Each structure stands twice: as structure tokens, then as C-alpha cells.
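Just follow the structure's listing: the first ligand is 1, and inside any ligand the first atom is 1. All of these numbers come straight from a predicted model, not from anything done at the bench.
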Amino acid sequence: MLCTYSASIGNWIWNNPMVYQHLDVDGESIDLPVGKVVCVGRNYVAHARELGNAVPAKPVLFMKPATALVGLDEPLQLPTHGQELHHEVELAVLLDARLCQANEAEVGGAIAGYGVALDFTLRDLQARLKADGQPWELAKAFDGSCPLSAFAHVEDVPEVADCALQLWVNGKLQQDGNTRDMIVKMPALLAHISQFFTLEPGDVVLTGTPAGVGPLQGGEELILGLGDTLRFPARMACAE
Ligand code: ZN
């Protein structure tokens, strides 16, 4: 059976063996539904350049469905419909209020917390889709394509607009960015997104990846880092 009905959530849920729920850094579940993920591409100049892309005049937006979300407790699965799975470490923003055609001043009051996500991308498949003028979902929105850490409360990350965003792969610092280098900063980015896509409680916004993206292999050990203290270990499942 692919779906089961959850009385506590009041809806049908995907029968992921590890059903995803938003967690706080103490391991407690956060009382919010699991919604969509709105993502921005090319929001750091150095990353746009490393892929040979122009720096866009407006944010490049795309989405992942709730079924893309997985926690970091279980090994992260390698998809089988592409060859080159890239990591993109990103600051993740959890919403706890509705933002519809919001202005920047309204954004702060709608943020529940900050975490770290991996915007998993099948880079070879994405290149083929781009070349064919097709949408990116098969390369970016598949089941399990958005591993997500626990969330720290807003007041516990006061430096969020100027803090390290890092990914270690097997102990090697592979991505070493800082949130201050975002092209479109967070309040403006969320306000912009809400002009087109209403953000609802339980939705997550991924704010773009700094430079250093690259391929992942089965069995690799990861550490996602935000600021000086938040560290979230994860592990790639062994390839079949
Ligand atoms: Zn990304």
C-alpha cells in the first residue's frame, strides 16, 4: 500500500518507511503539517558561475512536493533514474504562518525556524532536460530528493543572515559558503515567492546553494553545518 490515512495528521500520508515530520533540534516533532518545498536556483554568484549559468535578474524558482522530504536519521537513498547525484547544501526556512502576496515586513513573523537541506539534483538528467527545454522535476523533485535537518528556533539563529553554510563529505569540507552571499536575501526572497505561490504553515523554502556542488556516492558520510554550532550528520545508503 503506497498511502495510509493518518488520524493525527488528518490526511493521507505517503507510506515512506520513514514518514517525514518536521523536527526541532531537541528531536521533538513540530506541530505543523508537511507541505511543499519552494526552491530558488542560482542565488549565489559563485555557484551560478561554477555551472556556467548567467546570474539571473530575478530568482529562478522551482518546487519539490512534500514526498521529496526525508529526515537525516536513516541512510539517504541514491535514485536509480540518473547517474550523477549532486549535493547542494542550502539554508532551509520553515513557515508557521501564511504568506500570500506578502511584503518584506510581513515575512519575519511567519518563520518558525531554520534548518539545513540538501537539494539533491541528478545533474546529468537535469542537463538533458534543460537541453530539451523540459521542466526539471525528474531531476530535482523525485521521492527523497530533499533530505532535511531538524529546525532551530528563529531566536536561536540570530546570525542567520550572515552565517556559515557548510557541507562535509567523508570529513572533507566540500561546500563552504555564507548566507550573506545570497543574491536575493531572505525577506525579499520569501516576499517574492509569495507573489506567485502562497506559502502555508508547514511549507519550507530552500534559499539556494553556495559553490562547491558535486557528486555523491553510496556509503559516504555527510555533515551539514549552519553557523558555528549546528551540525547535522547524515549518511548515504550503500549502492545496491
Ligand atoms: Zn538548489
Side-chain angles (χ1 to χ4, degrees), residues 35-70 72 76-79 82 84-95 114-130 134-149 151 160 163-169 173-186 188-190 192-193 196-197 199 203-216 222-226 232 234 236:
K36 63 184 175 293
V37 185
V38 183
C39 310
V40 55
R42 304 175 199 166
N43 201 27
Y44 288 77
V45 171
H47 169 62
R49 295 214 172 112
E50 75 178 340
L51 293 185
N53 291 315
V55 175
K58 286 186 177 171
V60 176
L61 302 181
F62 60 96
M63 284 196 233
K64 295 176 188 257
T67 44
L69 288 167
V70 288
L72 304 182
L76 306 175
Q77 301 297 318
L78 285 161
E84 198 178 344
L85 182 71
H86 270 204
H87 55 76
E88 297 190 356
V89 71
E90 312 207 1
L91 170 69
V93 183
L94 177 64
L95 281 293
Y114 300 110
V116 190
L118 290 171
D119 169 15
F120 271 178
T121 304
L122 279 167
R123 196 69 72 196
D124 56 325
L125 177 56
Q126 186 194 29
R128 288 204 299 279
L129 294 168
K130 280 184 185 174
Q134 293 185 18
W136 299 356
E137 276 88 344
L138 280 174
K140 274 190 172 282
F142 52 88
D143 290 353
S145 62
C146 194
L148 189 51
S149 77
F151 287 93
V160 69
C163 74
L165 179 60
Q166 295 169 305
L167 178 72
W168 288 263
V169 180
L173 184 58
Q174 200 70 38
Q175 290 194 260
D176 187 15
N178 189 296
T179 56
R180 66 170 174 258
D181 295 323
M182 283 186 201
I183 297 169
V184 182
K185 314 290 183 201
M186 215 158 7
L189 178 63
L190 270 63
H192 177 78
I193 289 169
F196 311 99
F197 309 122
L199 294 167
D203 284 355
V204 174
V205 171
L206 265 53
T207 53
T209 191
V213 303
L216 288 168
L222 313 178
I223 298 173
L224 291 62
L226 181 65
F232 303 101
M236 297 304 297

Check your understanding: Using a distance-only test with no angle check, is there a side-chain donor-acceptor pair under 3.5 angstrom linking Q174 and H87?
Key -> no
Point to revise | Pairwise side-chain contact, Q175 with L165, heavy-atom cut-off 4.5 Å (strictly under) | key: no
Practice item. With sequence neighbours excluded, tell me which residues meet side-chain hydrogen bond (donor to acceptor under 3.5 Å, both in side chains) with H86. Key: E84, R123
Exercise for review: Please name the residue in the list V38, V93, L148 that meets the side chain to side chain contact (heavy atoms under 4.5 Å, CB included) test with V204.
Suggested key: L148
Review point. For R180, what residues pass the salt bridge (charged side-chain N to carboxylate O under 4.0 Å, His left out) criterion, not counting sequence neighbours?
Key: D162
Check your understanding: List-wise, which protein N, O or S atoms are found short of 2.8 Å from the Zn ion (ligand 1)?
Key -> E88 OE1, E90 OE2, D119 OD2
Point to revise | Summary of salt bridge (charged side-chain N to carboxylate O under 4.0 Å, His left out) pairs that have at least one residue in residues 40-50, sequence neighbours excluded | key: none
